[in-house]
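So the structure is just underneath, and the comments pick up after that.
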Number of protein chains: 2
Amino acid sequence: MPAPIARKTLAGKKKDKALAAAPARRAARGPAAGRRVRQVEDKRSAILGAALGLFSRYGLHGTTVDQVAARAAVSKSNLLYYFANKEELYVSVLRDLLEVWLAPLRSFSAEQDPRAAIAAYIRAKLVISRDRPDASRLFCLEMIQGAPLLRDELARELRDLVDHKSEVIRAWVADGRLAPVEPHHLVFALWATTQHYADFAVQVQALTGRTLDDPAFFEQTVENVQRIVLDGIAAQADGGPV
Amino acid sequence: MPAPIARKTLAGKKKDKALAAAPARRAARGPAAGRRVRQVEDKRSAILGAALGLFSRYGLHGTTVDQVAARAAVSKSNLLYYFANKEELYVSVLRDLLEVWLAPLRSFSAEQDPRAAIAAYIRAKLVISRDRPDASRLFCLEMIQGAPLLRDELARELRDLVDHKSEVIRAWVADGRLAPVEPHHLVFALWATTQHYADFAVQVQALTGRTLDDPAFFEQTVENVQRIVLDGIAAQADGGPV
DNA sequence: GTCTATAATTGGATAGAC
DNA sequence: GTCTATCCAATTATAGAC
């Protein structure tokens, strides 16, 4: 028997059902109607939030819609009124995520001092690891699976963005303001070292006994990651002011 | 309704079934019996290999035993003869993994030159990322889920090992042979930067167009990660011989 | 929009012949 | 040890009343 493909969802069953177009339609009605629209949107985002929390830990298949519904405090069938099916919900969560995801990298420009820019970026990413660890985890889960749903976006949006930022880095290197480094690898190192504290939080906790929620540990982490990436560890220099 | 726990396996249904003690019993029989024992063990490891490949991409719940069986070229019920149930299979895979996992860190001792030791460790981990990316991914998946199955091992074995290696690092720092760095954070940085190339391989591929299987890219990666961690990127120093 | 059934399906696990 | 035929539980999704 030839080896089969492991994922079987997302391909077969498209129902389409005029999928819950609840928002996006808002005519000129009374203020009561506006209130109702907001309620609907609140509910949608409550569901999305609950879904993010669960999907990011247990994945698409490890999570049941019942669980999402319970956590969002709605009934299962009610949830399925807002999202035609489980996958649509999953994709919605993922889509919301992506923009949040790309944001920090955007504010990274050639005019900045390289050292300051990178230090700030590390801090910003660690703030996300602390405050939105589930976003980081879900992103990681998708990557591990081969990003079936983000592959296109990766190949386009993210690639363009990273290519652009790579040029910034390359220029810094050319100006001698940064040690010679292949921009892509630097970007990977920045991502890896910062997201690690979200994705491997259990391990960090098991080994250090602390989490980023502990302010002292958070600052220690920021400082150490900055020092490692900016100054390296080989020199006996003190790293200078960070 | 109170928020439920998302994982429902691994707790409820223990069957125990005198679980497939096929190996480990080998009396004095003819050479034919020995051959048969080997066949059994080959089959077991074929199943374990297939399982690793699938679990590491799609997780426990995203993989069906049918798929594992198909990839290992056995029937589902035959598979369930060797492993009492899906979870036992999963745990077996994970257990095999852990030792492989800890190995590189062990060969890391105070006598070595810090720079050389760390450079070698980075290379060793990148070799694993290249040659056993599924091991890396499965480990990552477990971590993201909160390591329900490894938590104990993490708290014991890994912790002891890391604590010990931390002392090595701390000594290097005390001797001025390493810049001041909190050992745990250095270890995290080493893990993160190297495993990233396995866990986020799709992203690496999408952004660079290459993989670690490309020898030139592999060497470029080793060199860049070593440079970043050892020398940092801020200085305009050329990084010296690595 | 929300609820209470209930249909429909997947997939893990067992029984029992060979 | 291996197979075929089932069983049965868990879940997704729908129907239709309110």
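Numbered from 1 within each chain, the chains take letters A, B, ... in sequence-line order. Since this is a predicted model, take the numbers as computed values, not measurements.
Checked against C:dT2, C:dC3, D:dA13, the side chain of A:Leu80 finds its nearest nucleotide in D:dA13. Counting only heavy atoms from C-beta on, B:Asn78 has its side chain closest to D:dC3 among C:dC3, C:dA13, D:dC3.
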Using nucleotides 15-18 of chain C, report all nitrogen or oxygen pairs with the protein that are shorter than 3.5 Å.
none

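Looking at A:Arg106 and A:Glu99, a side-chain N of the basic residue comes within less than 4.0 Å of a carboxylate O on the acidic one, giving a salt bridge. For A:Glu88 and A:Arg95, the salt-bridge test fails: no basic side-chain N is under 4.0 Å from an acidic carboxylate O.
You won't find any donor-acceptor pair under 3.5 Å spanning the side chain of B:Lys86 and the base of C:dG11, going by distance alone.
For D:dT2, one of the phosphate oxygens OP1 or OP2 lies less than 4.0 angstrom from a side-chain nitrogen or oxygen of B:Lys43. A sub-4.0 Å separation between OP1 or OP2 of C:dG11 and a side-chain N or O of B:Thr64 is absent. Contact annotation: B:Tyr81 does not reach the phosphate of C:dT14 (side-chain N/O to OP1 or OP2, under 4.0 Å).
Between A:Leu161 and A:Glu157 there is no side-chain heavy-atom pair separated by less than 4.5 Å. Side-chain atoms of A:Met143 and A:Leu154, non-hydrogen and from C-beta on, do get closer than 4.5 Å to each other.
Taking the ring centroids of B:Tyr197 and A:His185, they lie under the 6.0 Å cut-off.
A straight line from OH of A:Tyr82 to C1' of C:dG1 spans 6 Å, rounded to a whole angstrom.
Within a 6.0 Å radius of CZ in B:Arg151, other residues, nucleotides and ligands contribute 12 heavy atoms or fewer.
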